[in-house]
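Chain A is the first sequence line, chain B the second, and so forth, proteins listed ahead of strands; every chain is numbered from 1.
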2 protein chains.
Amino acid sequence: MPYRSTVHESLAAVFQVRQLRTTSAGRPELAVLLWQRALDPERGTWALPGGRVCDDEDIETSARRQLAEKVDVCEVSHLEQLSVFSDPDRVPGERRIASAFLGLVPATTDPRLPTDTSWHSVAALPPTSFDHGVLVAEARARLAAKLSYTNIAFGLAPPVFTMSELREIYRAALGYDVDSTNLQRVLNRRKVLSPTGDTAPPGPTGGRPATMYRFTDSSLRVTDEFAALRPPG
Amino acid sequence: MPYRSTVHESLAAVFQVRQLRTTSAGRPELAVLLWQRALDPERGTWALPGGRVCDDEDIETSARRQLAEKVDVCEVSHLEQLSVFSDPDRVPGERRIASAFLGLVPATTDPRLPTDTSWHSVAALPPTSFDHGVLVAEARARLAAKLSYTNIAFGLAPPVFTMSELREIYRAALGYDVDSTNLQRVLNRRKVLSPTGDTAPPGPTGGRPATMYRFTDSSLRVTDEFAALRPPG
DNA sequence: GCAAAAGTGTTGACCTTACACCCATGA
DNA sequence: TCATGGGTGTAAGGTCAACACTTTTGC
């Protein structure tokens with residue numbers, strides 16, 4: 001056979017908005033799930049969960065399986081393909097062509113993780129393995145873009161939440177603050193939120209109780225079609 | 001080895017806006033490059049150009065090479081990754097994982113094609129091989145979306161053109177008519193067009209001569225950032 | 001002058017941010 | 001009643017599609 005052995009692998013950048021203990025008493029941040037390599041090559045660097053695609057599964061099934069098996073993350077609320085990393089020399093040894101994924105986990109779930117695995121602030125990544133740092137950056141860019149024109153935040157938000165909590169999630173994921181007023185108006189007009197009827201108890205210092213919302217849909221939906229050159233209507 | 005033999009291939013949906021002789025004297029249409037399979041499986045159906053990724057090339061290089069070798073198309077003005085098609089049973093026999101691409105060719109070039117290869121209206125595709133029809137639909141959707149918020153039309157337009165010609169290209173690619181007035185205004189404000197200084201001669205029946213334009217950039221650029229939830233400032 | 005094609009101005013609708021203002025609660 | 005946080009109203013600015021209007025040409 002004239003071709004050398006080539007492996008196809010899946011790699012997932014799984015994001016969650018969470019309070020990282022490194023920044024004590026700080027605000028929640030966008031975090032990504034990484035495990036630390038115990039062996040060469042690149043021993044000690046931090047890698048994304050993933051691995052070889054099996055014969056009987058497609059790449060999305062593979063990515064879900066790797067997350068369940070290797071880092072015990074079963075409740076991924078959203079998973080979508082990014083691009084393929086295929087530089088012949090992207091990893092040493094046997095060639096590996098990697099299909100990248102963006103995964104999201106709700107802010108409230110706290111999966112039990114293996115000892116070599118932990119959450120890391122996307123804003124301050126540790127040394128990453130191979131091209132995994134580029135992959136994380138691409139995943140973050142995709143997330144930020146889709147927050148603007150889809151309901152993708154359902155993947156990061158808890159089942160029910162207040163507008164303030166949702167605002168914190170947007171702030172962490174986008175990297176800048178958003179106006180709570182306008183966030184509510186935008187999401188309301190697009191009908192992505194539904195009030196549950198309940199209200200959250202006010203904090204210790206009082207304040208008006210916040211109404212609680214949930215996302216109307218629990219799968220990705222484009223809520224703001226192209227700005228320009230719309231079909232005539 | 002516990003894994004069966006798996007091939008990674010690239011597949012490209014190459015689009016061009018062109019006058020198809022099937023619809024005589026009609027307007028130009030969006031066309032895709034297909035070749036007819038001479039052998040089983042699926043003999044007689046129409047397939048996208050592509051093939052096995054070599055050991056020393058990444059998938060984009062592979063896609064360009066396949067286009068040059070198999071259908072003699074060397075001047076692809078734009079090429080970008082779509083998604084991966086990885087269903088274990090997407091083709092019979094040896095497993096093939098396919099990286100899909102969207103390619104664009106300017107309206108004026110007319111590459112010499114092998115005898116088994118020809119352009120087909122995207123609106124009326126012949127029977128397609130395997131999952132290639134889905135791939136073409138995905139490519140078209142990506143093109144239509146990006147026409148709205150990027151300068152991707154540079155890939156379909158000739159080097160210089162009038163606004164009327166450009167309008168025809170948008171109409172063909174989007175599938176609906178666009179207002180020439182507004183097209184000009186949108187593209188002007190985003191500074192994607194530059195006047196060449198020349199004008200086109202009027203048609204046989206007279207008319208004001210049209211000024212000629214070219215695209216300012218010849219690579220993809222996002223010209224209309226997210227509508228909502230912009231950074232403050 | 002007239003038809004035809006190119007290009008400009010204007011209007012009304014919609015969406016956005018920013019900010020002032022009102023509402024509900026605990027202390 | 002006062003501070004605190006939740007929620008609403010409104011004004012200013014930008015972009016859009018639609019269409020009337022002006023400009024420039026060939027006949």
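- Applying the salt bridge (Lys or Arg N to Asp or Glu O under 4.0 Å) criterion to B:Asp58, with sequence neighbours excluded, gives no partner residue.
- Taking the six-membered ring where tryptophan is involved, the planes of A:Phe215 and A:Phe161 are tilted, since the angle between them lies from 30° to 60°.
- Atoms CG (A:Leu229) and P (D:dA17) sit 6 Å apart, rounded to a whole Å.
- Put simply, A:Thr211 has a side-chain N or O that comes within less than 4.0 Å of OP1 or OP2 on D:dG7.
- No side-chain heavy atom of A:Arg140 sits less than 4.5 Å from a side-chain heavy atom of A:Val32.
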Original post:
Which letters describe nucleotides 19-27 of chain D, given B = protein heavy atom under 4.0 Å from base, S = only from sugar-phosphate, - = neither?
Top reply: B---BBBSS
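- For the pair B:Asn188 CG and D:dT15 C1', the computed distance is 15 Å after rounding to whole Å.
- Rounded to whole Å, atom P of D:dG7 lies 6 Å from atom CD of A:Gln184.
- In terms of modelled atom types and a separation under 3.5 Å, the side chain of A:Thr223 and the main chain of A:Tyr149 share a donor-acceptor contact.
- A:Thr199 pairs by the side chain to side chain donor-acceptor pair (under 3.5 Å) definition with nothing, not counting sequence neighbours.
- If you take CG of A:Leu183 and P of D:dG7, they are 12 Å apart, rounded to a whole angstrom.
- At the heavy-atom level, B:Ser164 lies under 4.0 Å from the strands shown only through sugar-phosphate atoms.
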Subject >> side-chain contact (heavy atoms from CB on, under 4.5 Å) assessment of B:Arg167 paired with B:Val178 >> reply: CA-CA 7 Å; B:Arg167 177 164 103 123; B:Val178 296; 3.9 Å; yes
Original post:
How far apart are the C-alpha atoms of A:Arg27 and A:Glu168, what are their side-chain angles, what is the distance that settles it, and do they pass the salt bridge (charged side-chain N to carboxylate O under 4.0 Å, His left out) test?
Top reply: CA-CA 8 Å; A:Arg27 317 175 87 175; A:Glu168 278 300 299; 3.2 Å; yes
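- Rounded to a whole Å, the CG atom of A:Asp177 is 13 Å from the C1' atom of C:dT17.
- Rounded to a whole Å, the CG atom of A:Leu166 is 14 Å from the C1' atom of D:dG6.
- Going from atom CG of A:Asp198 over to atom P of D:dG6 covers 17 Å, rounded to whole Å.
- The nearest whole Å value for the distance from the CZ atom in B:Arg167 to the P atom in C:dA5 is 11 Å.
- The nearest heavy atom of DNA chain C to A:Asp224 and to B:Met212 marks one nucleotide each, and the one closer to the 5' end goes with B:Met212.
- Backbone-only engagement by A:Arg190 is indicated by non-hydrogen atom pairs under 4.0 Å involving sugar-phosphate atoms exclusively.
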